[in-house]
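Here's the structure, in structure tokens; my notes come after.
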Amino acid sequence: MNKISSTDRRGFLSFLVRLGLISAFQFFPLRKVLASGGPEDQLSDRLSKVCDCRESASVIGQEYLRIAPKEAHKTVLMDLICQGSPSNQGRLLVSDIRTTRRVLREWIRKDFELGRTVLVNGWFLSQTETRLCALTALST
Amino acid sequence: MLIEAQSIPEEKVIETDVCIVGAGAAGVTLAKEFMGGPFRVALIESGNLDFETDTQNLYKGENLGHSYRPLDAVRLRYLGGTTNHWGGNCRPLDASDFEEREWIPHSGWPFPKTELDPYYERAQPILQLGPYAYTPKSWETGQNPPLPFKGKRLTTAMFQQRRTNFGQVYRSELDKAGNITTYLNANVIDIDTNETASKATRLRIATLEGNRFWIRARIFVLATGGIEVPRLLLLSNRIQKVGLGNQNDLVGRFFLEHPILHVGTIALSNPGTSTSLYEKRDVNDFVVKGFLTPSIETQRELKLLNFGMRPSLVRRSRISKGVASYKVLRKGFHEREVPDDFFTHLSNVIREIDEVYESRGKGQHKALGVRYWQECAPNPLSRVTLNTDKDALGMSRVSLDWRLTDMDKNSMRQALKLVGEEVGRAGIGRLHLAYDSDELWSERIAGSAHHMGTTRMSDDPRKGVVDRDAKVHGIGNLYIASSSVFPVTGHVNPTLTIVALSVRLADHIKERMA
């Protein structure tokens with residue numbers, strides 16, 4: 001198993017801290033997202049850039065994709081993150097940042113409540129946050 | 001009074017009412033309960049007033065099973081016994097620990113916790129503890145809230161802590177007690193019985209200097225701990241060839257410990273999260289500390305063994321290789337020696353230079369170290385047996401074969417998953433395990449030097465060595481005061497329960513003798 005380096009770990013810790021609060025999701029301005037292609041591309045781009053610790057998230061994401069290679073496609077990941085619901089995808093895309101943060105926070109909380117967790121490099125993570133990392137890895 | 005056993009005339013027979021073997025927490029408690037009463041009590045202690053190597057060597061034995069510390073390092077053989085080096089953590093077992101839990105084979109005590117509660121209460125002052133109160137509410141103040149877990153899957157409970165050294169604290173009382181005679185350097189090498197082994201008649205006592213004499217009593221109590229009690233019963237095989245009380249091959253089986261492990265860290269979402277409730281602190285002159293434990297509903301739902309875990313603030317530097325390496329290099333510099341792996345350490349420092357820098361300041365608490373411990377699943381194959389080596393008194397030494405089961409392993413995995421989920425769900429942070437799944441179940445798991453279960457309690461002689469009164473099945477006047485009678489251990493340190501059971505046993509014996 002690839003070990004996350006200490007530097008990466010530190011960055012990832014920082015990422016998790018922010019993800020826990022969803023306060024550091026740095027969404028690109030909507031106009032930039034809208035200018036980048038179709039809705040799937042827009043959403044993928046948006047979700048893959050939700051944090052500013054992309055390298056650390058990417059390490060976790062790569063490790064997760066090693067465990068779950070079938071998910072190594074942006075569309076699959078987005079579909080799973082949005083729980084297979086087109087309306088969820090649309091909701092994320094058109095919501096303002098605050099709403100998007102709240103929605104993701106709730107999904108992550110729900111993951112933990114329902115035991116939808118993944119052990120990656122020693123971290124107990126929610127499936128949603130792990131897939132966000134994987135999306136970041138695919139986009140890096 | 002205290003008497004040196006070497007001074008007793010050779011082959012003398014000492015007559016007494018109650019003879020207690022072992023002057024640790026259990027034995028001293030029993031003796032105290034008889035102080036000033038109408039009965040003559042002999043308290044037999046193998047050791048002296050202080051540590052002596054020759055006596056301690058009598059504890060040597062071999063480890064056959066799960067990695068374990070040397071048997072002469074996990075207990076002490078002189079007045080006060082293992083309370084001479086214990087951690088002092090005290091808490092009663094949970095009510096659910098006494099119940100039969102259908103997902104844990106061989107679980108349950110023959111009586112409920114309510115039976116023991118009055119004795120727990122009486123045990124508190126003997127251990128110099130505060131009031132019989134173990135909920136956070138009893139000890140928290142506004143500045144010390146429990147971690148904000150959602151729901152009731154994980155709850156916060158409390159330990160009290162006092163390292164009461166029974167040898168030091170009660171030596172003077174023992175010396176002054178008119179009806180208690182404490183024999184020092186006196187080793188029991190045989191329990192003699194009548195021809196049907198239905199009654200213990202006398203103990204054979206030996207000193208390392210070679211003296212031999214007898215003690216005859218109406219009641220005998222073995223209070224020598226979870227390894228020496230079965231050893232003594234198995235060695236006493238003149239009449240009952242398989243050992244006293246061992247007619248159902250139970251003596252020495254079901255050895256239980258508390259597996260313990262530093263599992264990793266919790267990275268806090270909010271570095272300002274208050275964790276002071278879980279730190280050791282002084283409240284009204286009593287030391288308390290909180291810990292986390294699953295509710296019985298959660299144990300039932302996930303089929304868990306009971307467990308505890310204590311988060312404590314660690315500086316980020318403590319989980320940094322760079323800082324550890326910096327300390328090695330600094331030590332080498334001061335001692336003018338180049339440490340082994342110099343370049344590895346240097347590389348670690350360079351890679352984590354920012355944490356090394358931070359480590360020199362204060363207030364960098366951003367993670368919680370997590371210490372985890374759990375109860376052991378009762379397992380008849382986990383056992384203490386005699387081996388062919390002999391000690392200085394010619395007695396067979398013991399082999400300890402501590403065996404953990406798949407249930408122990410799976411329960412630990414499930415428990416850590418539960419903790420990981422609850423920590424994330426509550427937004428407290430994320431749990432990071434220090435080891436991967438396979439490493440987790442390895443020699444990193446240590447014992448807690450809590451030796452239990454080897455003469456387990458049950459009303460059914462086919463399932464236990466002692467009955468609910470701690471009397472050995474089939475022997476009318478032989479009792480056991482020890483954690484060896486625990487059929488199930490819960491996850492908490494055993495001493496408070498040992499003392500409570502000893503107080504209870506003293507009441508029973510007094511009533512019986514009256």
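Proteins come first, then strands; the chains are lettered A, B, ... in the order of their sequence lines, and each starts at number 1. Values below: all heavy atoms of this structure, side chains included; hydrogens, waters and symmetry mates excluded.
Contact count versus chain B (heavy atoms, under 4.5 Å) is highest, among K110(A), R116(A), E113(A), for E113(A). Annotation: maximal heavy-atom pairing with chain A below 4.5 Å, among G420(B), G264(B), G424(B), occurs at G424(B).
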(request) Verify side chain to side chain contact (heavy atoms under 4.5 Å, CB included) between L433(B) and W123(A), making sure each step is shown before the conclusion. (result) CA-CA 6 Å; L433(B) 295 183; W123(A) 292 98; over 6 Å; no
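Note that the CZ atom of R425(B) and the OG1 atom of T117(A) stand 12.5 Å from one another [nearest 0.5 Å]. To the nearest 0.5 Å, the span separating OG on S126(A) from CD on E421(B) amounts to 11.0 Å.
Against chain A, the residues from residues 150-157 of chain B that qualify, each with a non-hydrogen atom under 4.5 angstrom away, are R153(B) in number order.
Side-chain atoms of F112(A) and V423(B), non-hydrogen and from C-beta on, never get closer than 4.5 Å to each other.
Under the salt bridge (Lys or Arg N to Asp or Glu O under 4.0 Å) criterion, E335(B) pairs with K331(B), not counting sequence neighbours.
The two residues R430(B) and L125(A) come nearest to each other via the heavy atoms CD-CD2, 4.1 Å.
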